[in-house]
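Heads up, the thing below is written out as structure tokens.
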Number of protein chains: 2
Amino acid sequence: MKINQLSKLTNVLSKTIRYYEDVGLLPQASRNSNGYREYSSSDVDNLIFIRRCRELQIPLEKIKILIQVQTDTTSSCNEVDLLIEQQLENVRKTINELSLLEKTLHTLAKSCSNDIVGECEILKNLKQ
Amino acid sequence: MKINQLSKLTNVLSKTIRYYEDVGLLPQASRNSNGYREYSSSDVDNLIFIRRCRELQIPLEKIKILIQVQTDTTSSCNEVDLLIEQQLENVRKTINELSLLEKTLHTLAKSCSNDIVGECEILKNLKQ
DNA sequence: ATAAACCTTACTGTTGGAGTAAGGTCAAGC
DNA sequence: GCTTGACCTTACTCCAACAGTAAGGTTTAT
């Protein structure tokens, strides 16, 4: 199949598929006589795997590792466990930071009931 | 004062101060005879305001608006209120998205108790 | 024949800076 | 007088993960 069909099957833009090839996340696609990229059903599977990882906000470099680990199916999956665990930690850390931010913004938003900028409590608070 | 002292007083890197000038967040600094940037205490205040906004993850373009609104102290602060409210909404939305992500990652992390990649439940789950 | 849909590479832009290069200036110490 | 180190300058590249656009070649349908 051609790139556009792969795109539709995986819900990944053609542009992004080419980009993944560029940065080495996907192998160089084979080409048919007119130079168009030619894909098979295993490419669909690989790309869906990548998309699922991206939905979990795993960065491309880590996805590369996850792909490479699978080339030897008998190797330990400690690396996989660790990577997912780290990703979970990252997400939790970000949530905590954003929660603090939310509190601050909420307090700030409630602080002003004036009409004119010169007496705006929000702006005053931002200056400290 | 020179840029390095402004940097120390505000806890903003010299590099970043020049960048803010470049993108129009700070006015063009006046220069002394040798071409060095020369700052006053009002620059300290402005930069601290910007830094506080950045701590709240307000994007530079919106900070520009917050600065501009203050040039007329009699104007309404509806725009300020709205901007902070939107920022709060953005943060809340992101927190919600990340909370879903956290659940998924947590479930995923618990799913595998195997040793070898070939049977790793995490990887299997990622392929669906 | 031609138009629409698809394919190609290559370059730029996004956000908010950080890193590095290559060079000018200034004060202190020897 | 000379050097050393701290400071200043501009200008360029890099980061993540693409999206947008240009300029052109190919295929398919009408």
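Each chain gets a letter, A, B and so on, in the order its sequence line appears, and its residues count up from 1. Everything numeric in this text was worked out from a predicted model, so none of it was measured.
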Rounded to the nearest 0.5 Å, the CG atom of A/Asn46 sits from the OH atom of A/Tyr20 at a distance of 13.0 Å
Atom OG1 in A/Thr107, atom CG in B/Leu88: separation rounded to 0.5 Å?
9.5 Å
Considering the terminal five base pairs at each end of the helix from C/dA1-D/dT30 to C/dC30-D/dG1, what angle separates the two local helix axes, rounded to 10°?
30°
Using heavy atoms and a sub-4.0 Å distance, could you list which residues of residues 2-30 of chain B are near DNA chain C? By number, please.
B/Leu13, B/Lys15, B/Thr16, B/Tyr19, B/Tyr20
Check whether B/Ser99 reaches the backbone of B/Ile95 with its side chain - one donor and one acceptor, N or O, closer than 3.5 Å.
yes
Determine whether B/Met1 and B/Leu9 make a side-chain contact, defined as any pair of heavy atoms from C-beta on separated by less than 4.5 Å.
yes
Listed by chain and number, what are the side chain to side chain donor-acceptor pair (under 3.5 Å) partners of A/Gln5, not counting sequence neighbours?
none
Any donor-acceptor pair under 3.5 Å linking the side chain of B/Gln87 with the backbone of A/Leu105?
no
Distance-only, no hydrogens or angles: does the A/Arg37 side chain make a donor-acceptor pair with backbone N or O of A/Lys2 under 3.5 Å?
no
Along DNA chain C, first and last positions that approach a heavy atom of chain B under 4.0 Å
C/dG16 to C/dC26
Polar side-chain atom of B/Thr16 near backbone of B/Val12 as donor-acceptor pair, under 3.5 Å
no
Distance, rounded to the nearest Å, where A/Glu38 contributes CD and D/dT26 contributes C1':
14 Å
In this structure, are over 12 heavy atoms from other groups packed under 6.0 Å from A/Glu102 atom CD?
yes
Any pair with a residue in residues 57-68 of chain B that passes salt bridge (charged side-chain N to carboxylate O under 4.0 Å, His left out), sequence neighbours left out, goes on the list, sorted by first then second residue, please.
B/Glu61-B/Lys64
Please figure out whether A/Gly35 or B/Asn34 has its closest DNA chain C nucleotide nearer the 5' end.
A/Gly35
Can you spot which of A/Leu25, A/Leu26, A/Leu60 makes a side-chain contact (heavy atoms from CB on, under 4.5 Å) with A/Tyr19?
A/Leu60
Between A/Arg18 and A/Glu21, is there a salt bridge with N-O shorter than 4.0 Å?
no
Pull out every residue in residues 48-71 of chain A that has a heavy atom closer than 4.0 Å to any atom of DNA chain D, ordered by number, or say none.
A/Arg54, A/Pro59, A/Leu60
Counting only heavy atoms not in A/Lys124, do more than 12 fall under 6.0 Å of its NZ?
yes
